[in-house]
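A short write-up of the structure that comes next.
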Amino acid sequence: MAEEMRILMRNYGKIDPLNIDDYLNAGGYKSLEKARSMSQKDLIEEVRKSGLRGRGGAGFNTGMKWNFSYSAVADQKYVICNADEGEPGTYKDRLIMENDPQSVLEGMAICGYAIGSNQGYIYCRGEYPYVVEILNTAIQQAKEKGVLGDFNIEVRMGAGAYVCGEESALIESIEGHRGEPRFKPPFPPVIGLWGKPTIVNNVETFANIPVILEKGADWYAGIGSKSYPGTKLMTLTGDIVKRTFIEVPTDITIRQLIYDFGGGIPEGKKFKAVQIGGTSGGFIPETLLDTLIDFDSMAAIGATLGSGAVFVMDETRDIVDVTNRITKFFEHESCGKCSPCREGTKRMHEIVDKINNGLGSATDLDLLGRLGTVMSKACLCGLGQAAPSPVLTTLQHFRSEYSNKL
Amino acid sequence: MADYKEIVSKYKDIPGGLIEAYHALQKEYNYIPEEAIEVAAQVFGIPKAKAYGVASFYSYFKIGKRGQYIIRMCESAPCHVAGADQVLKTLESCLGIKAGETTADGKFTLELTECVGQCQATPVITINSKPYGDLYPEKISAILGECK
Ligand SMILES: Cc1cc2nc3c(=O)[nH]c(=O)nc-3n(C[C@H](O)[C@H](O)[C@H](O)COP(=O)(O)O)c2cc1C
Ligand code: SF4
Ligand code: FES
């Protein structure tokens, strides 16, 4: 039986998340102290050297991102924690915030010192009001203890728009507008919230920071895959024996994930497909299960690590029906700002729905392929660019399921 | 009207406070009353169309009356394959309404939603944001019974 590696979740079940003393007794806020004893440059270099890459899906080197904001000259800078977690099948950020909220605050405060910001925001999805309460309690306790120094953190609530997880849409939303993505460049680290340099990092990214400083960049860089070091918190859903979360080093295979950690497929059924990274992730067939889960290995097979959601489907599942459900999601969540996505997600759902109802023809399959390719290139933000991925990968790996319905 | 103004005004000086104001309104009324949007436009000094445009952008906000208990059924793929359809059918028949409707006595509103982040326990519903997981049709009547 493969072993989990609990770095992020080291305090899981061991501390009372609503009592800051527990966190302090477990060594909490020592890393912030250490960070503040370093120069900003050295601190950023340490984070860069650890190899930590963003856990929100895009996989950008965190230290390098911080350096952009550090180098930007401005009278005010901001730190934003992206807790929008709207990717279906994902609940890892909720787990971190519910079980160890102080580790996120500490990570944010370290970032604040590194880039020269005294104001942080946590943008937490509206579906998590109970998490907002935990965060507010944690912030209150941290203020009373004085551990954050002059760094201030406020929680803002999202309101059920998946696109607001995209960093520039998130920024629009905090500013009180409709959450529509901005044209890039400029990128948020240079021109972000209220036009000021802004770091947006995922909850899991921030939660990694204190332990990296405590144990050192070299220690962290030595865990998991070389190109995407550390552990990843994954959530297992669908047809899998253990529907649970696990934290694993990034150098294990998809097969190990499903069979060693997840206990395999229930009721002795056979595996059919797995979709990793959430609803915009590619579908992966049996033949590719020996791929490593790290960012670059997944990208090489046309899939993603994304949010770390693992959605398993057994032999009885109807791939076209599931894909249809997914295309409906994107039609609903498209913000409508750009036409390739506004129109594309609508047509994509229409065509897949038609095929699913037995009314499609062979030309529809070609049309789907072409539409998907155009969208992945022409859409303004990651939502529209990634939306065709489930369709394109199922057409590639499970084409017969479509053909059987024509 | 006075009440709306009181609630909304608390967020007037917070940068980007409009969305926070809408959250506060929805917390109070379970929905955002139409007139409250006009009040918000006045308080924040923005055109009515803009205030409306922000409220209608976000699917968590509902403009116009809803029931006392908002039941939302997750229909994202993991809940979908775990049997969300059967749970939805049971909810619809127990309540005598379709998704998107409110019971005649104003007690329940039934809605569909995407993933609510409780996927360890698919299929999932939320009632006034509180999650109920690992559902199957036989569990529904007891859960509805808890809503007094
Ligand atoms: C449609 C869409 C939704 C996204 N949703 C999230 C999300 O819920 N949480 C998140 O951290 N990042 C999300 N992202 C990625 C963010 O834009 C951004 O890359 C990330 O927050 C950066 O943090 P990181 O470098 O720590 O990963 C989303 C991107 C897109 C295009
Ligand atoms: S790709 Fe879709 S979600 Fe992104 S800006 Fe265009 S319409 Fe909006
Ligand atoms: S998929 Fe239904 S709660 Fe996540």
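Numbered from 1 within each chain, the chains take letters A, B, ... in sequence-line order. Computed over heavy atoms, backbone and side chain alike; hydrogens, waters and symmetry mates excluded.
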message: With chain B as the partner, which of A/G179, A/A309, A/G238 has the greatest number of non-hydrogen pairs under 4.5 Å?
response: A/G179

message: Evaluate A/F329 against B/E114 for side-chain contact (heavy atoms from CB on, under 4.5 Å), listing each step before the verdict.
response: CA-CA 8 Å; A/F329 171 84; B/E114 294 293 348; 3.1 Å; yes

- prompt: Is the backbone of B/T113 close enough, under 3.5 Å, to the side chain of A/H332 for a donor and an acceptor to pair up by distance?
  reply: no

query: Do you know which of A/M313, A/E154, A/R243, A/E87 has the most heavy-atom pairs under 4.5 Å to chain B?
result: A/R243

field: Check against side-chain contact (heavy atoms from CB on, under 4.5 Å), A/V155 and B/E20
entry: CA-CA 10 Å; A/V155 182; B/E20 293 289 297; over 6 Å; no

message: So for atom OH, which belongs to B/Y29, do other residues, nucleotides or ligands contribute more than 12 heavy atoms lying within a distance under 6.0 Å?
response: yes

- prompt: Which heavy atom of A/P88 sits nearest a heavy atom of B/C115, and at what distance?
  reply: CA-CB, 3.5 Å

field: Donor-acceptor contact below 3.5 Å, side chain B/H23 vs main chain A/M157
entry: yes

OH (B/Y52) with more than 12 external heavy atoms under 6.0 Å: no

message: Is A/V312 close to chain B through its backbone or its side chain, or both, or neither, when contacts mean heavy atoms under 4.5 Å?
response: neither

task: Against chain B, label A/E180 side chain, backbone, both or neither, depending on which of its atoms sit under 4.5 Å from a heavy atom there.
output: both

query: Is a donor on one side and an acceptor on the other found under 3.5 Å between the side chain of A/R325 and the backbone of B/H80?
result: no

task: May I ask you to decide if A/G160's main-chain N or O and B/S59's side chain share a donor-acceptor pair within less than 3.5 Å?
output: yes

message: Restricting to non-hydrogen atoms, name the atom on A/G176 and the atom on B/V54 that form the minimum distance, rounded to 0.1 Å.
response: O-CG2, 3.7 Å

message: Pair A/R178, B/K50 - check side-chain contact (heavy atoms from CB on, under 4.5 Å), show working.
response: CA-CA 9 Å; A/R178 294 164 66 89; B/K50 163 127 211 269; over 6 Å; no

field: Residue among B/A77, B/A21, B/S129 with most heavy-atom pairs under 4.5 Å to chain A
entry: B/A77

query: Measuring from A/K328:NZ to B/E75:CD, what's the distance to the nearest 0.5 Å?
result: 3.5 Å

message: With a 3.5 Å distance limit and no angle check, can you tell me whether A/Y91 reaches the backbone of B/C119 through a side-chain donor-acceptor pair?
response: no

query: What part of B/A55 is in contact with chain A, defined as an atom under 4.5 angstrom from a non-hydrogen atom: side chain, backbone, both or neither?
result: neither

Heavy-atom side-chain proximity of A/H177 to B/F57 below 4.5 angstrom: no

message: Out of B/C79, B/C74, B/S76, return the one with the most heavy atom pairs under 4.5 angstrom to chain A.
response: B/S76

A/F245, part contacting chain B, at a heavy-atom distance under 4.5 Å: neither

message: Is any side-chain heavy atom of A/E175 closer than 4.5 Å to one of B/I19?
response: no

- prompt: Most heavy-atom pairs under 4.5 angstrom with chain A, which of B/A82, B/G17, B/P131?
  reply: B/P131

message: Quick check on B/T126 against chain A: is it the side chain, the backbone, both or neither that has a heavy atom closer than 4.5 Å?
response: neither

- prompt: Checking heavy atoms, do the side chain of B/N128, its backbone, both or neither come under 4.5 Å from chain A?
  reply: neither

field: Nearest atoms (heavy-atom pairs only) where A/W194 meets B/G16
entry: CZ2-N, 4.0 Å

B/Q26 versus chain A, the contacting section by heavy-atom distance below 4.5 Å: neither

field: Portion of A/T235 that has a non-hydrogen atom of chain B nearer than 4.5 angstrom
entry: neither

Residue B/K12 excluded, over 12 heavy atoms near NZ under 6.0 Å: no

query: Quick one: do the B/Y58 and A/S173 side chains pair a donor with an acceptor below 3.5 Å?
result: yes

query: Passes side-chain contact (heavy atoms from CB on, under 4.5 Å), B/I14 versus A/R156? Steps please.
result: CA-CA 11 Å; B/I14 298 177; A/R156 289 295 175 91; 2.9 Å; yes

- request: Kindly indicate whether the side chain of B/V81, heavy atoms from C-beta on, has any atom under 4.5 Å from the side chain of A/R317.
  value: yes

